[in-house]
Amino acid sequence: MSFLNKLNAVQREAVETIDGPVMIVAGAGSGKTRVLTFRIAHLLQQGVPAHNILALTFTNKAAREMRERIESVVPGEAAQRIWMGTFHSTFARLMRRDADRIGFHRNFSIYDTEDSLGVIKGIMNDMGINTQQVSPTAVRHAISSAKNRMMTPADLANKAFEIFEQKVADVFAEYVKRLRASNAMDFDDLILHPIHLFDSNPDVLERYQQQFRYILIDEYQDTNQAQYQIVRRLAEAQRNICVVGDDAQSIYAFRGADIRNILEFEKHFKDARVFRLEQNYRSSKNILAGADAVIKHNKKQIPKSLWTDNDAGEPITVLETADEGEEAYKIVTCMQDEARRRKLQLNDFAILYRTNAQSRAIEDAMRRSGIPYTIVGGVEFYRRKEIKDVLGYLRLIVNPEDDEALLRVINYPTRGIGQTSIARLRSYAADEGVPMFVAAINVAQAPGMTGTAIKRIEEFVRLVQKYASLRREISAGELVGSLIDELGLVTAFKNEGTAEARMRIDNVQELLSAIVDFVTDDGQNTLEAFLEQASLVADIDSFDESRNAVTLMTLHAAKGLEFPVIFLVGMEEGLFPSSMAIERDEVEEERRLCYVGMTRAMQKLYMTHARSRVRWGERLEQVSSRFLDEIDPSVVQRDSTRRRNVSGGSTFGSRGFGGNGRSSAPAAKRKTAPRSEYSQMGGGESYSQVEGDIGIGSTVMHATFGRGKLLSIQGAGDMARGVVLFDSVGKKTLVLKFAGLKPA
């Protein structure tokens, strides 16, 4: 038990209190992961069988790190037998065992966001809903949000007040039917269906309640209502539930996270013990004081006061620049200075921004200065087209009922099956009430099919059936390699002869290697399990912290990471906090996001803002973020001097870098935009080019969308944009000069 001596007094008490409900409020950098892993190790040391422990995380990376830490403390294979993983991967595993109890086959497909969007687009087209007027992405988001709140299509229809909401309810109802017909589940279903399983099969619930005697949940502040409900069901028999989280780091409301789950934990579990981890081991005193001052402006929070024994460190540096070009080059200059002064490597630096679009100017500056960088949150490996295409074939081979997989690959590579033939096949399948692959097997009976189309679809069916049969005779690696060869993918990419095509060849070969490494002959790791893993992988799971490159990522992606030096860029009203958050009165979540960004820094924190920035295609004056004003001035050093050139000749780790990049800012110094009452709200008061007397709050008419209410205005002049809530289609952002809005 010597590992317990590595904990402070509060941490140790939280680890050793293993019976009954426990909430560990873990402030930023307070050793949350250590407490969680040591608690699991302590349970194992106390004789709790590994299979009786359920540990839920939000990323595969976190689960992997926790398992490795447990193995370093408790020798042996116990850590491998713990049910540990993300909510989605864990309950996907559970459903592989019991999906048949609620009408699914155990070989069900898991639809990622792109797959779900494809189904929704197909439904909208079939229903005659104009996808130019009603965004399929908005519909998908609304359906996901409803699922997270455990609403059925009927619930949504009953609460619909606008035409958009009614259309969403209609699409939702058909979406549920099509996923079930395809033996498929989306990410939200991986939480909802286990709840339905438990509620309709009490014996199954009791079995898992007896198995999971101890439940631990990481990042509890990020759970949604459905996740709370499934955990409550599992925990209600044994009541040995331990949640670890920080309300101040709840930043995923847009994904359905409900901060009330952590704020009201003691209400849900009245006999809960609460432990507050308030000692920060990560950041300097000045960084911690600055972040604490910002988060204290939130009203909804669990009281706590972070402190640290670390040195005071340097003040937080706030950089004011003329524009995004100068902002980028100041960042490069400061990185050079910090690298020399602190003898840091490239991977000791991270640049965090509110939106991905902000990375362009920074990337330009990095390239011109010869600084290697990596972007977290670019196109993920398993989301690349060539990978999705191969996976589409494998999904169809494993689950022939997967209509979305069939639609993706039936004419890839091109085999002359046109959209008209596909539409006839879909119609035939719908009329017969069968999956599209069954319809394809009987394609000769489909109305309107030409002889050529029938022949080509039958060839496609034979190809899929061939590899479905081969699954039982050859290894997964041999099967996938043979499929890739027969499809002629590598040859086609070689014939293209482009750099992008060569990269696609590498990607396909990497996929084959990944499958060979993963799938085992003993049946423990199957092709189905690989497809499941591929569908559930996240941006951060593939982040390589050892690569010697500067890290660029959004603030949301940075959660759980730490770096010696952090640049938090674009600290401007309307950008951070975002104009949408201001408009919706969601600034507290933005403030928590700022707190998360600030507390990623260990030694030095830079926060930058520009006096002007190109937004919506026009250069606009910017106002510094309210969050900068909320920091205690005693821990801030402001720098508004202008450095036009990047110094050269410095050494950054083992790579030299330097340059003489030029800022895009004009020579004349610009005045800081005045901080009027409405400029703090991210917009102007009215727009003179709108016909008639129209301002924010006015009821307006649009030629296509009909009646609506003007909620806000961003920018000015020809590129001013207005957010209008229409009765027919919900919110739309319009360029006002061309919108033709009229008073209702």
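- Although no hydrogens or angles enter the test, the distance criterion places no donor-acceptor pair under 3.5 Å between the side chain of S145 and the main chain of H141.
- Taking the six-membered ring for Trp and thresholds of 30 and 60 degrees, H556 and Y252 have ring planes inclined between 30 and 60 degrees apart.
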Check against side-chain contact (heavy atoms from CB on, under 4.5 Å), Q301 and N298: CA-CA 7 Å; Q301 59 180 298; N298 273 7; 3.7 Å; yes
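- A side-chain donor-acceptor contact under 3.5 Å links N310 to the backbone of S283.
- Taking a cutoff of 4.0 Å between a charged side-chain nitrogen and a carboxylate oxygen, R233 and D199 qualify as a salt bridge.
- T90 contributes no side-chain N or O that, together with a main-chain N or O of F87, makes up a donor-acceptor pair within less than 3.5 Å.
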Verdict with supporting geometry, N261 and Q225, side chain to side chain donor-acceptor pair (under 3.5 Å): CA-CA 8 Å; N261 288 348; Q225 272 301 304; 3.1 Å; yes
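- With sequence neighbours excluded, no residue forms a salt bridge (Lys or Arg N to Asp or Glu O under 4.0 Å) with E278.
- Classification of R591 and E630 as a salt-bridged pair holds, one side-chain N sitting under 4.0 Å from a carboxylate O.
- Taking the charged nitrogens against the carboxylate oxygens, R273 and E13 do have a contact shorter than 4.0 Å, which makes a salt bridge.
- Under a 4.0 Å N-O distance rule, the pair E588/K300 does not qualify as a salt bridge.
- Side-chain atoms of M571 and C594, non-hydrogen and from C-beta on, do get closer than 4.5 Å to each other.
- Annotation: salt bridge (Lys or Arg N to Asp or Glu O under 4.0 Å) contacts of R97 (sequence neighbours excluded): none.
- For the residue pair R12/N5, the side-chain donor-acceptor check at 3.5 Å is satisfied.
- Side-chain contact check for I241 versus P21: some heavy-atom pair is nearer than 4.5 Å.
- Salt-bridge check for E65 with R69: failed, with every basic side-chain N at 4.0 Å or more from each acidic carboxylate O.
- Counting heavy atoms of neighbouring residues, nucleotides and ligands inside a 6.0 Å radius, atom CG of D203 exceeds 12 of them.
- Residues N8 and Y281 bring a donor and an acceptor atom of their side chains to less than 3.5 Å of each other.
- Note that the CZ atom of R342 and the CG atom of D348 stand 10.5 Å from one another [nearest 0.5 Å].
- Aromatic ring pairs are classed by plane angle as parallel below 30°, tilted from 30° to 60° and perpendicular above 60°; the pair F627 and F576 is perpendicular.
- Other residues, nucleotides and ligands contribute over 12 non-hydrogen atoms within 6.0 Å of the CZ atom of R96.
- Distance check: M95 CE to I102 CD1 gives 3.5 Å after rounding to the nearest 0.5 Å.
- Inspection of the S359 and N356 side chains reveals no N or O donor paired with an N or O acceptor under 3.5 Å.
- For the pairing with L352, the side-chain contact (heavy atoms from CB on, under 4.5 Å) check across I566, V596, L552, T554 returns one residue only, I566.
- Ion pairing between a basic and an acidic side chain is recognised when a charged N comes within 4.0 Å of a carboxylate O; E590 and R354 show such pairing.
- Although no hydrogens or angles enter the test, the distance criterion places a donor-acceptor pair under 3.5 Å between the side chain of R67 and the main chain of A79.
- For K604 and Y606, the positive end sits near the middle of the six-membered ring, less than 6.0 Å away and at most 45° from its axis.
- Counting only heavy atoms from C-beta outward, the side chains of V243 and I24 never approach each other to under 4.5 Å.
- Side-chain contact between M150 and D155 is absent, with no heavy atoms from C-beta onward closer than 4.5 Å.
- Remark: the Y220 side chain and the D247 side chain contain no N/O donor-acceptor pair separated by less than 3.5 Å.
- A salt bridge links K147 and D186; the closest N-O separation between the charged side-chain nitrogens and carboxylate oxygens is under 4.0 Å.
- We find the CG-CD1 distance between N148 and I143 to be 12.0 Å, quoted to the nearest 0.5 Å.
- Salt bridge D222/R255: absent, no basic N to carboxylate O contact under 4.0 Å.
- By the 4.5 Å heavy-atom criterion applied to side chains, L56 and L216 are not counted as neighbours.
- With sequence neighbours left out, the side chain to side chain contact (heavy atoms under 4.5 Å, CB included) criterion links T113 to R140, F187.
- Electrostatic pairing of R149 and D258 does not count as a salt bridge here, judged by no charged N lying under 4.0 Å from a carboxylate O.
- Considering only heavy atoms from C-beta on, I302 stays 4.5 Å or farther from F265 through its side chain.
- Within the structure, the salt bridge (Lys or Arg N to Asp or Glu O under 4.0 Å) test picks out no pair touching residues 33-43 (sequence neighbours left out).
- Not one N or O on the side chain of S578 forms a donor-acceptor pair closer than 3.5 Å with the backbone of G574.
- Between the side chain of E71 and the backbone N or O of A78, no donor-acceptor pair lies under 3.5 Å.
- Here M598 contributes atom CE and L555 contributes atom CG; the two are 11.5 Å apart, rounded to the nearest 0.5 Å.
- Between D311 and K285 there is no salt bridge, since none of the side-chain N atoms of the basic residue sits less than 4.0 Å from a carboxylate O of the acidic one.
- Residues A557 and V376 share a closest heavy-atom pair of CB-CG1, 4.3 Å.
- Contact annotation: the side chain of L4 approaches that of L7 to within less than 4.5 Å [non-hydrogen atoms, C-beta and beyond].
- A donor atom on one side chain and an acceptor atom on the other are found under 3.5 Å apart for E219 and Q221.
- Scanning all heavy atoms of the two residues, the minimum distance from D309 to Q279 falls at OD2-NE2, 3.5 Å.
- Partners of D188 according to the salt bridge (Lys or Arg N to Asp or Glu O under 4.0 Å) rule, which considers only residues two or more places apart in sequence or in another chain, do not exist here.
- Ring centroids of F38 and F3 are separated by less than 6.0 Å, placing the two rings close together.
- Applying the side chain to side chain contact (heavy atoms under 4.5 Å, CB included) criterion to K296, with sequence neighbours excluded, gives D292, S305.
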CA sep, side-chain torsions, deciding dist, call: K32, D218, salt bridge (charged side-chain N to carboxylate O under 4.0 Å, His left out): CA-CA 9 Å; K32 167 181 70 71; D218 191 17; 2.9 Å; yes
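- By the 4.5 Å heavy-atom criterion applied to side chains, I217 and V231 are counted as neighbours.
- To the nearest 0.5 Å, the span separating CD1 on I295 from CD on Q249 amounts to 9.0 Å.
- R232 forms no cation-pi arrangement with F269, by the criterion of a distance under 6.0 Å to the ring centre and an angle within 45° of the ring axis.
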Candidate pair Q238 and Y214, rule side-chain contact (heavy atoms from CB on, under 4.5 Å), full reasoning: CA-CA 8 Å; Q238 308 289 342; Y214 292 90; over 6 Å; no
Candidate pair W83 and I53, rule side-chain contact (heavy atoms from CB on, under 4.5 Å), full reasoning: CA-CA 6 Å; W83 273 62; I53 300 172; over 6 Å; no
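- Between S284 and N286, the side chains place no donor N or O within less than 3.5 Å of an acceptor N or O (distance only, hydrogens not considered).
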Derivation of the side-chain contact (heavy atoms from CB on, under 4.5 Å) call for I82 and N52: CA-CA 7 Å; I82 298 169; N52 288 151; over 6 Å; no
